[in-house]
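Below you'll find the structure, written out as structure tokens, and then a few comments.
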Number of protein chains: 2
Amino acid sequence: MHTIGTLSKRTGTKVQTIRYYEQIGLMREPVRSSGGQRRYHDADLDRLAFIRHSRQLGFPLDAIRELLDLSDAPSRPCADADAIARRQLRQVELRIERLRALRKELKRMVDDCDGDSVAECRVLEVLRDHSECLTQHEEIGA
Amino acid sequence: MHTIGTLSKRTGTKVQTIRYYEQIGLMREPVRSSGGQRRYHDADLDRLAFIRHSRQLGFPLDAIRELLDLSDAPSRPCADADAIARRQLRQVELRIERLRALRKELKRMVDDCDGDSVAECRVLEVLRDHSECLTQHEEIGA
DNA sequence: TCTTGAACCTCTACCCGCTGTAGGTCCTAT
DNA sequence: ATAGGACCTACAGCGGGTAGAGGTTCAAGA
């Protein structure tokens, strides 16, 4: 049996976050000590590790919930889990593309501004006038 | 004089968002019609366009506030604005790097899972066991 | 056995950057 | 005069937590 602090240390998750996961039903309610403190099984530790690792890979909590369900009921999980992972991969690729366009724009802005012309700031100019941009960055970055 | 709806259409910003910007002090309080509706000058339109464009480039609102201040008082803005833009560029580059590591991990996971072994799902396995990862992705993605 | 003090508890509010809803008012074209 | 779209305020909620107040429990040392 582990305390919440042990889970926290072992998975690098803040104590509040673990309680938050319980609150939103991602972690099961653990048994309690006579004094009302949470006591966890090894299985809970594993579950939390799974959650944290998935978060580190950028999965949203909803997707993690699905993955956990699949993991719990291993009737036919592979195809479904695979689909979730592929979806996540597409998301990540999309974000990379968007960020690359942003980087290009920012780089151009900063590079152009390199001179010591104080009166006319290229950075502010570009921000003021969208038409100076190469790309159409319709969707907000990230 | 423009209505809030005009600003909304012209800058692609939702009406509520414009009011929100006013609330947090990013947009100035406009004059009102006799019936209490907001009426904007061209300068406000420009300011909003500046804000939106900066957001599209991923600047957080705090940074935009600074940029607007610099833009308003053009005594010595260039170096400061440049610094803000460079900071943003670094942030974007950092995020790209992190996402690339994520992508690699996800790709490996998904590719490995390609077989039709239903019982043993590679995706779930990797999520369960962090030690199967190549990289240490300490900080949460995005 | 008692005492400390670290770790635990609940509850509430806050972060960013909006978005949505409810319930009401204004403005303008017909 | 009226219809109905655009506007108003106020508040709640999203994701994914984080911080703090104010109180209790637990375990190790004296």
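Remember, it's a predicted structure, so these values are computed and weren't measured experimentally. In what follows, chains are A, B, ... by sequence order, proteins preceding strands, each numbered from 1.
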Could I get the full list of side chain to side chain donor-acceptor pair (under 3.5 Å) partners for T6(B), not counting sequence neighbours?
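Applying side chain to side chain donor-acceptor pair (under 3.5 Å) to T6(B) gives T3(B).
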Regarding Y21(A) and R52(A), is there a side-chain donor-to-acceptor distance under 3.5 Å anywhere?
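Judged by distance alone, the side chains do pair up.
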Any side-chain donor near an acceptor of the partner, H53(B) and D129(A), under 3.5 Å
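D129(A) and H53(B) do not have a side-chain donor-acceptor pair below 3.5 Å.
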Fellow cluster residues of V31(B), listed by chain then number, with links counted only when side-chain atoms sit under 4.5 Å apart:
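Same cluster as V31(B): M1(B).
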Closer to the 5' end of DNA chain D via nearest nucleotide, is it Q37(A) or Q16(B)?
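Here Q16(B) is the residue nearer the 5' end.
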Please compare G35(A) and Y20(A) by the position of their nearest nucleotide in DNA chain D and report the one closer to 5'.
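The residue closer to the strand's 5' end, by nearest nucleotide, is Y20(A).
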Could you tell me if the side chain of [Y] sits less than 4.5 Å from the side chain of [X], heavy atoms only?
X	Y	value
L127(A)	I64(B)	no
D44(B)	H41(B)	yes
I18(B)	S8(B)	yes
H2(B)	R39(B)	no

Value rounded to 0.5 Å, distance of CG in L48(B) from CG in L26(B)
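L48(B) atom CG to L26(B) atom CG measures 9.0 Å (nearest 0.5 Å).
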Separation between CZ of R28(A) and CZ of R47(A), rounded to the nearest 0.5 Å:
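Here the rounded value is 4.0 Å.
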Separation of [X] atom [atom1] from [N] atom [atom2], in whole Å?
X	N	atom1	atom2	value
F59(A)	dG16(D)	CZ	P	13 Å
L48(A)	dG17(D)	CG	P	11 Å
Q23(B)	dA10(D)	CD	C1'	10 Å
L7(B)	dC7(D)	CG	P	10 Å
I18(A)	dT18(D)	CD1	P	11 Å
R65(B)	dC16(C)	CZ	C1'	12 Å
E22(B)	dC8(D)	CD	P	9 Å
R19(A)	dC11(C)	CZ	C1'	11 Å

Of the nucleotides dT9(D), dG17(D), dT21(C), which one has an atom closest to the side chain of L61(A)?
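It is dG17(D).
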Reckon [X] has a side-chain N or O less than 4.0 Å from the OP1 or OP2 of [N]?
X	N	answer
R55(B)	dC18(C)	yes
S33(B)	dC27(C)	yes
Y21(A)	dG16(D)	no
R32(B)	dT9(D)	yes
T17(B)	dG17(C)	no
K14(A)	dA19(D)	yes
T3(A)	dA7(C)	no

Could you check which residues of residues 38-47 of chain A get a heavy atom under 4.0 Å from DNA chain C? Sort them by number, please.
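Heavy-atom cutoff 4.0 Å gives R38(A).
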Pairs touching residues 6-17 of chain B that satisfy salt bridge (Lys or Arg N to Asp or Glu O under 4.0 Å), sequence neighbours left out
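Qualifying pairs: none.
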Just the table, please: protein N/O against nucleotides 2-4 of chain D N/O, every pair under 3.5 Å.
none

Which heavy atom of G5(A) sits nearest a heavy atom of V15(A), and at what distance?
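G5(A) and V15(A) have their closest heavy atoms at CA-CG2, 4.5 Å.
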Heavy-atom closest contact (S71(A) atom, L124(B) atom, distance):
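Distance-wise, the nearest heavy atoms are CA-CD1, 4.0 Å.
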What stems involve DNA chain C, if each pair must be Watson-Crick or G-U and both of its distances must be under 3.5 Å, with 3 or more such pairs in a row?
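Result, WC/G-U stems under 3.5 Å: C:1-30 with D:1-30.
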Sugar-phosphate only, base, or nothing, as touched by I4(B) at under 4.0 Å among non-hydrogen atoms:
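Contact class for I4(B): sugar-phosphate only.
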